[in-house]
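Below is one structure, written out as structure tokens; the observations come after it.
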Amino acid sequence: MATIMCDRFRPQMATVRPHVMAMPERLPGRTGVVVNEEYGLREEDVLAKVIESISDKGGKDIDIAGAEIIVSGGRGLMGKENFAMLHELAAELGGVVGASRSAVDAGWMPHSRQVGQTGKTVRPKIYIACGISGAIQHLVGMQDSDVVIAINRDPEAPIFQVATYGIVGDVFEIVPALTKRVRTMKEQRGGRLPDRLAV
Ligand SMILES: Cc1cc2nc3c(=O)[nH]c(=O)nc-3n(C[C@H](O)[C@H](O)[C@H](O)COP(=O)(O)OP(=O)(O)OC[C@H]3O[C@@H](n4cnc5c(N)ncnc54)[C@H](O)[C@@H]3O)c2cc1C
């Protein structure tokens with residue numbers, strides 16, 4: 001990783017992580033001019049070589065950055081086995097399971113599921129934070145989600161400052177209750193989720 005200052009010279013350069021900015025609306029019929037420049041670089045002049053490209057989207061693990069619904073768990077889950085209830089809720093919602101760094105460091109979830117500064121930046125339609133305090137390093141990775149639902153037994157937890165809906169309570173009661181409610185709603189609608197989730 002490098003910090004490159006190019007304030008006085010050209011060309012200038014900037015990089016952004018995926019999902020940091022909102023996708024603009026598609027404009028059908030929009031056109032542009034493609035300018036093909038002559039570029040006389042030979043391959044042997046390039047010192048860096050691409051040996052292999054590994055896509056985040058491929059393989060057996062899921063790319064949480066592309067998910068529309070994320071159910072994330074933190075240290076409040078108390079153990080690896082308790083992530084099963086998050087997988088259940090995520091499966092009902094058609095989402096995926098994410099995690100805080102504490103949960104990843106504890107070995108409860110793989111690093112590929114970590115949300116935050118040293119994990120993935122996500123921007124799903126719904127982000128459900130379960131037993132996550134809301135440290136700044138976590139918030140920078142999820143605070144631009146369309147809807148944030150936070151479940152925490154501590155009413156002072158910082159996660160509530162970015163939450164659209166806050167539920168003060170025990171994850172071990174709230175999460176199974178949410179899963180049950182979503183299941184009932186789907187049963188009443190022939191297996192489909194309502195357009196607006198009344199959670
Ligand atoms: C350089 C650096 C980079 C970092 N990068 C990241 C990153 O990418 N992502 C990240 O997440 N963190 C990152 N961190 C760590 C971050 O500072 C926090 O330590 C971490 O996010 C805390 O994780 P947590 O919220 O799961 O745990 P905690 O802060 O311990 O919070 C647990 C929460 O669970 C609640 N809780 C406990 N039991 C229950 C229950 N039964 N029901 C409901 N709520 C309950 C508690 O009230 C508490 O709020 C980074 C830190 C540093 C220094």
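Count residues from 1 along the sequence. All values below come from the heavy atoms of this structure, side chains included, with hydrogens, waters and symmetry mates left out. Order of appearance sets the numbers: ligands from 1, and atoms from 1 within every ligand.
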Distance from Tyr127 atom OH to Ile69 atom CD1, nearest 0.5 Å?
14.0 Å
Regarding atom 28 (P) of ligand 1: of the candidates Ser133, Ser72, Ala129, which has the closest heavy atom?
Ser133
Does Thr164 use its side chain to pair, donor to acceptor, with the backbone of Val148 at less than 3.5 Å?
yes
Atom 20 (C) of ligand 1: which protein heavy atom is closest, and how many Å away?
Ser102 OG, 3.7 Å
Val71 side chain near Val175 side chain, heavy-atom distance below 4.5 Å
no
Top protein contact for atom 34 (O) of ligand 1, by heavy-atom distance:
Gly131 O, 3.1 Å
Output the list of atoms in ligand 1 that are nearer than 4.0 Å to some heavy atom of Gly169, sorted by atom number.
42 (N), 43 (C)
In the protein, what heavy atom is nearest to atom 5 (N) of ligand 1, and what distance, to one decimal place, separates them?
Thr118 OG1, 2.7 Å
Scanning both residues in full, the closest heavy-atom pair of Cys130 with Leu77 reads O-CD2, 3.4 Å
In terms of atom number and element, which parts of ligand 1 are under 4.0 angstrom from non-hydrogen atoms of Gly74?
26 (O)
Which of the atoms in ligand 1, numbered in the order shown and given with their element, are less than 4.0 Å from a heavy-atom of Gly116?
7 (C), 8 (O), 9 (N)
Of the protein's non-hydrogen atoms, which lies at the shortest distance from atom 42 (N) of ligand 1, and what is that distance?
Val171 N, 2.9 Å
Identify whether the distance between the nearest side-chain nitrogen and carboxylate oxygen of Arg183 and Glu88 falls below 4.0 Å.
yes
Looking at Arg113, is its backbone amide N or carbonyl O close enough to the side chain of Lys120 to form a donor-acceptor pair, meaning the two atoms are under 3.5 Å apart?
no
Using a heavy-atom cut-off of under 4.0 Å, does the side chain or the backbone of Val115 touch ligand 1, or both, or neither?
backbone
Passing option when Glu92 is tested against Lys180, Arg181, Lys186, Arg192 for salt bridge (charged side-chain N to carboxylate O under 4.0 Å, His left out):
Lys186
For atom 1 (C) of ligand 1, the closest protein heavy atom turns out to be Gln117 NE2, 4.0 Å
Please state which option from Arg75, Gln137, Arg153 has its nearest heavy atom closest to atom 14 (N) of ligand 1.
Gln137
Please determine if Met78 has a nitrogen or oxygen closer than 3.5 Å to a nitrogen or oxygen of ligand 1.
no
For His138 versus Ala99, what's the shortest heavy-atom pair and its separation?
CE1-O, 4.1 Å
Expected output: side-chain His111 to main-chain Gly119 donor-acceptor under 3.5 Å
no
Restricting to non-hydrogen atoms, name the atom on Ile64 and the atom on Gln114 that form the minimum distance, rounded to 0.1 Å.
CD1-O, 4.1 Å
Under 4.0 Å from a heavy atom of Asp154: which atoms of ligand 1 are those, numbered in the order shown and with their elements?
47 (O)
Looking at Glu44, I'd like to know if its CD atom is crowded, meaning that more than 12 non-hydrogen atoms belonging to other residues, nucleotides or ligands lie closer than 6.0 Å.
yes
Would the distance check show the side chain of Thr121 and the main-chain N or O of Gly141 forming a donor-acceptor pair, the cut-off being under 3.5 Å?
no
May I ask you to list the atoms of ligand 1 that are less than 4.0 angstrom from any heavy atom of Phe172?
41 (N)
What atoms in ligand 1 come closer than 4.0 Å to a heavy atom of Ala135?
16 (C), 17 (O), 18 (C), 21 (O)
Run the numbers for me: atoms of ligand 1, each under 4.0 Å from some heavy atom of Gly119, listed by number.
8 (O)
Under 4.0 Å from one or more heavy atoms of Asp170, ligand 1 contributes atoms 40 (C), 41 (N), 42 (N)
Option passing side-chain contact (heavy atoms from CB on, under 4.5 Å) with Ile128 (candidates Leu93, Ile70, Ile167)
Leu93
List the closest protein heavy-atom neighbour of atom 36 (N) of ligand 1: residue, atom name, distance to the nearest 0.1 Å.
Gly76 CA, 3.7 Å
How far does OG of Ser133 sit from CG of Leu139, to the nearest 0.5 angstrom?
8.0 Å
Among all the protein's non-hydrogen atoms, which is closest to atom 24 (P) of ligand 1, and how far away is it?
Ser100 OG, 3.6 Å
Identify which of Lys120, His138, Arg101 has a heavy atom lying nearest to atom 15 (C) of ligand 1.
Arg101
Taking both backbone and side-chain atoms of Ala99, is any N or O found less than 3.5 Å from an N or O belonging to ligand 1?
no
Starting from atom 46 (C) of ligand 1, which protein heavy atom do you reach first, and at what distance in Å?
Asn152 OD1, 3.6 Å
When you look for heavy atoms under 4.0 Å from ligand 1, do you find them on the side chain of Gln114, its backbone, both, or neither?
side chain
